[in-house]
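Take a look at the structure below.
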Amino acid sequence: MHIRKNIKNRSLWAIAMGIFFLNSCTKKEDAFINRKVSFNADWSFHLNDSIVDKDTIGASTKWRTLDVPHDWSIEGKFDEKSPAGYGGGSLNGGLGWYKKTFKVAAADSTKITSITFDGVYRNSEVWVNGHYLGKRPNGYIGFQYEISKYLNYGDKNNEIIVKVDNSKQPNSRWYSGSGIFRNVWIETTDKLHVGLWGAYITTPKVTAEKASLSIETTIKNQYKEGKKATVTTTIFKEDTKVTSVTQDITINAGENQVLNQTAEVENPALWSDEKPELYTAVTEISLDDKIIDQYKTTFGIRDFKFDLNKGFILNGKQVKIKGVCMHHDLGPLGSAINTRAIERQLEILKEMGVNGIRTSHNPPATELLELCDKMGFIVMDEAFDMWKQTKTKYDYGNDWDKWHKQDLIDQLLRDRNHASIFMWSIGNEIPEQWSQTGVEIAKELAAITREYDKTRPLTAGMNPPVNMNIDAVTLQFEKKDVSINPLAGSGVLDLIGYNYAHQTFEHHLKNFPNTPFIATETTSGLQTRGYYDAVSDTIKKWPVRWDLKFTEGNPGNTVSAYDQVQTPWGSTHEATWKIIKKHDFLAGMYVWTGFDYIGEPTPYEWPSVSSYFGIVDLAGFPKDVYYMYQSEWTTKDVLHIFPHWNWKVGQTVDVWAYYNNADEVELFVNGKSVGKRAKKGDDLHVMWRIPFEAGTLKAISRKGGKVVLEKEIKTAGNPSQLKLTADRSSIKANGNDLSFVTVDILDDKGILAPNANNEINFSLKGDGKIVGVCSGDPVSHEPYKGTKHTALAGKCLVIIQSSKKTGRLELTAKANGLKQASIVITAE
């Protein structure tokens, strides 16, 4: 395709003409036809001055230039009176406008040009050269408009305008973000081409020796006459050609034709969470021996089932799903999608032992699914947080009747080739689940889902599937006084999805003797990283009841980082995992949540503005319970002791240890043993209650008398210096890549000062920018988009983004009374 933009005289021409070669796909001298190019750069943006402004723009409107993806809400101030409420992160929505001018080469006037938005939150409306293209209320699903007939070609300008209306609040139970927060693409094709999301590849039969492929391709003919063409689909493993199938077709003018092809792959490399092998299908359409269209589809070959008694079976092997739920925001970056930021989250989770992601509670960014394909995550792809009945005043329930079918179909078409997706969820905690109305809606959604994909089971997050008094669960089972949730009992679902109700898990086979189990959402444990209550072995339910205002709590809206605080509907982290690990028929779980997210600061309200649920905090720093999962979910040697070792002399301190691959742990204070501890029964940690004595806390884990690991925590002196550590010291000079720099506050001996909360100022030299700062503190009201931030428990994060220029980026951190630090990041 050929498209140019003229904002600030910068050109996209070189990018648009960029091509790459794919070995063995076409003749060696042929270039791959790159149908799709980024349309992210150089938009003009205007945010109405208040959420009650008229929704118009004019000659006097003030614009600023930026690139998308963009989230304008994250740029604002935290506001106690925000219509979004503390559930929405106390950040305002509003109404925004985006516009962009561009040129299209005259040579493209005979082709089809379309614009694709991966996600706009929310109520987007689009115009090209004054022609209205349409509206999409749902902020989480991608959509495409063909714009060929409205374009000016050659030297004339074109203008696209996008109105985004997120002014009616609240419309979400968490932080949504606002704006064109996912990628935008321009796609140019021949009039005969593979349609949008037009290839669908399934593997009807898979063995270690052979896999059969079924390839369904939708071909669109937008010529005014019929065409005779040849369609070839070639399968590649990396750059190696595996097999190919060719078929001649005759397609009428204006027709969409579905072409079915079959192929076989010998000795297939099977996709798994441990070894995520991927294949690529390249579909070529030829007219008169000339290739006019090429379309790539990434897929995986795997065999799986959910078994009533054995749980999840992948490629013949029983695999426990050890998953987490994730919201779509990227912490201090807000909801504006960034591939490296998602990748970092997944890397941190993979290191913990996570092998599953639930996309709560909406269609995710395509980039997340692509990374899950490559990195090996078992994904539950979720469509809706509500159906027709609303949960907040202005949410998607108001758009349900008109849009739910189209949005669900688009999600299925977009996502169904991803190897990482193993189940579809049609809803989360839907109010209608308790009525026959909900059953009828579920039947409709199930029929749509199975029409477009028959290869994956269907579930929903029900709360709970067994309708009972959870507090009296044992008594009720003894009396057999149990009623089934109407949706769970309808037979519509292939998997019974449990949100919480962990006390009922062991009775699943009694209640649902014909339908396998999946824990769609579990736990809801609460922690503030680095804060510890004095007594750790008491369980606290905060709030006491979900519908009662929380009036207790700790100073500063903190929550103990020992695994001792849970919501009334949930459990501690250890409690639910103990049950899941015990029984084969429990296929697995998705913990609420992997990372903290903006909004929903349970158990607190304002001034808290982000969640406490995460195993990892908002900045990406693991909380202590991370290591419990790592000790259980990985085979690597783990020994983690906590809390820090800075207390008042004589103060009694509970010391916990998470460990594995060992028989016992011995704890020493300043070289003196305070005892050995070993896990008994189903224990997942050991504990010592000892008086604080400044110096060194040391733990040694042993197996068969031999040392496995040693860990030390030292008492820190007064904070005296800063230390900067980059997750990557070399990044790509592409304008998108990121380096996440951890800032540690240390004493003069280099020991982390665990109680330090200094304000840190940042500056950057070179062609890059600071795009986010964060400490993980749920109560902080400091802007995420700034150059200073206050540390939490001695740590802070600053995020550096590259420009499109190579060179040296030097970040400097300063704080009053502390020795400054600098670090160099290279953009290449």
Side-chain angles (χ1 to χ4, degrees), residues 1 18-37 108 110-112 114 187-206 210-223 225-269 271 277-301 370 373 413-414 416-419 455:
M1 65 145 289
I19 55 176
F20 62 89
F21 290 90
L22 188 59
N23 294 336
S24 305
C25 176
T26 61
K27 296 178 182 178
K28 189 173 181 179
E29 64 273 16
D30 289 342
F32 189 85
I33 299 171
N34 196 14
R35 297 169 34 141
K36 187 171 78 170
V37 298
D108 285 341
T110 60
K111 298 181 179 180
I112 300 298
S114 301
E187 189 163 1
T188 303
T189 65
D190 189 272
K191 290 182 179 180
L192 183 64
H193 61 274
V194 177
L196 175 67
W197 308 318
Y200 177 40
I201 300 175
T202 57
T203 53
K205 187 175 181 180
V206 176
K210 186 180 294 185
S212 61
L213 304 185
S214 175
I215 307 161
E216 180 183 293
T217 308
T218 300
I219 311 294
K220 297 186 70 172
N221 181 14
Q222 293 183 257
Y223 283 102
E225 63 276 349
K227 296 290 182 181
K228 292 184 177 181
T230 301
V231 180
T232 299
T233 301
T234 306
I235 308 300
F236 291 88
K237 184 72 177 74
E238 296 175 347
D239 290 334
T240 302
K241 179 179 176 180
V242 175
T243 188
S244 182
V245 57
T246 298
Q247 189 168 341
D248 292 330
I249 64 169
T250 299
I251 183 168
N252 297 326
E255 183 181 19
N256 291 349
Q257 185 177 122
V258 177
L259 175 66
N260 292 292
Q261 297 174 307
T262 59
E264 289 186 341
V265 175
E266 302 288 340
N267 302 312
W271 189 100
E277 300 281 0
L278 294 172
Y279 288 81
T280 301
V282 177
T283 303
E284 298 175 332
I285 303 177
S286 298
L287 279 178
D288 302 323
D289 294 325
K290 179 183 177 183
I291 297 172
I292 59 168
D293 188 46
Q294 291 172 313
Y295 188 90
K296 289 202 305 180
T297 306
T298 301
F299 68 100
I301 299 174
E370 290 171 347
D373 291 344
L413 291 174
R414 187 197 70 167
R416 61 186 180 174
N417 289 305
H418 286 282
T455 69

Ala229: side chain to side chain contact (heavy atoms under 4.5 Å, CB included) partners, not counting sequence neighbours: Leu192, Ile249, Ile285, Leu287

Straight-line distance of Ile33 CD1 to Lys296 NZ, nearest 0.5 Å: 13.0 Å

If we ignore hydrogens and angles and just use 3.5 Å, is the side chain of Tyr279 paired with the main-chain N or O of Pro268 as donor and acceptor? no

Over all atoms of both residues, closest heavy-atom pair of Thr297 and Ala199: OG1-CB, 3.3 Å

Which pair of non-hydrogen atoms, one from Ile201 and one from Ala281, has the smallest distance, and what is that distance? CD1-CB, 3.4 Å

Is the shortest heavy-atom distance from the side chain of Asn256 to the side chain of Ile219 under 4.5 Å? no

4.5 Å side-chain heavy-atom contact, Ile301 and Val265: yes

Rounded to the nearest 0.5 Å, how far apart are OG1 of Thr232 and CD of Gln247? 10.0 Å

Stepwise side chain to side chain donor-acceptor pair (under 3.5 Å) test for Ser286 and Thr230: CA-CA 5 Å; Ser286 298; Thr230 301; 5.9 Å; no

With sequence neighbours excluded, residues passing side chain to side chain contact (heavy atoms under 4.5 Å, CB included) with Glu255: Ile251, Asn252, Gln257

Counterpart residues, salt bridge (Lys or Arg N to Asp or Glu O under 4.0 Å), relative to Asp190 (two or more places apart): none

Among residues at least two apart in sequence or on other chains, which ones pass salt bridge (Lys or Arg N to Asp or Glu O under 4.0 Å) with Lys227? Glu225

Is a side-chain donor or acceptor of Glu216 paired with a backbone partner of Tyr200 at a separation under 3.5 angstrom? no

Tell me every residue that passes salt bridge (Lys or Arg N to Asp or Glu O under 4.0 Å) with Lys205, counting only those two or more places apart in sequence or in another chain. none

So how far is it from Leu196 CG to Lys36 NZ, rounded to the nearest 0.5 Å? 9.0 Å

How long is the span from the CZ atom in Phe299 to the OG1 atom in Thr202, to the nearest 0.5 Å? 10.0 Å

Output yes when Glu187 and Arg35 qualify as a salt bridge under the 4.0 Å nitrogen-oxygen rule, no when they do not. yes

Taking the side chain as C-beta and beyond, is there a heavy-atom pair between Val194 and Asp293 under 4.5 Å? yes

Are Gln261 and Thr233 close enough, and set up right, to give a side chain to side chain donor-acceptor pair (under 3.5 Å), and what steps lead you there? CA-CA 8 Å; Gln261 297 174 307; Thr233 301; 2.7 Å; yes

So, the side chain of Asp288 versus the backbone of Lys290: is there a donor-acceptor pair under 3.5 Å, distance only? no

Return yes if some donor-acceptor pair links the side-chain N/O of Trp271 with the main-chain N/O of Asp373 below 3.5 Å, else return no. yes

Do the side chains of Val231 and Thr246 get nearer than 4.5 Å, heavy atoms only? no

From CD1 (Ile292) to CD (Glu284), nearest 0.5 Å: 11.0 Å

Contacts of type salt bridge (Lys or Arg N to Asp or Glu O under 4.0 Å), residue Glu277, not counting sequence neighbours: Lys237, Lys275

What distance separates Glu264 CD from Thr243 OG1, expressed to the nearest 0.5 Å? 8.5 Å

Are the side chain of Asn417 and the backbone N or O of Thr298 linked by a donor-acceptor pair below 3.5 Å? no

Could you check Ile235 against Leu213 for side chain to side chain contact (heavy atoms under 4.5 Å, CB included), going step by step and ending with a plain yes or no? CA-CA 10 Å; Ile235 308 300; Leu213 304 185; 3.9 Å; yes

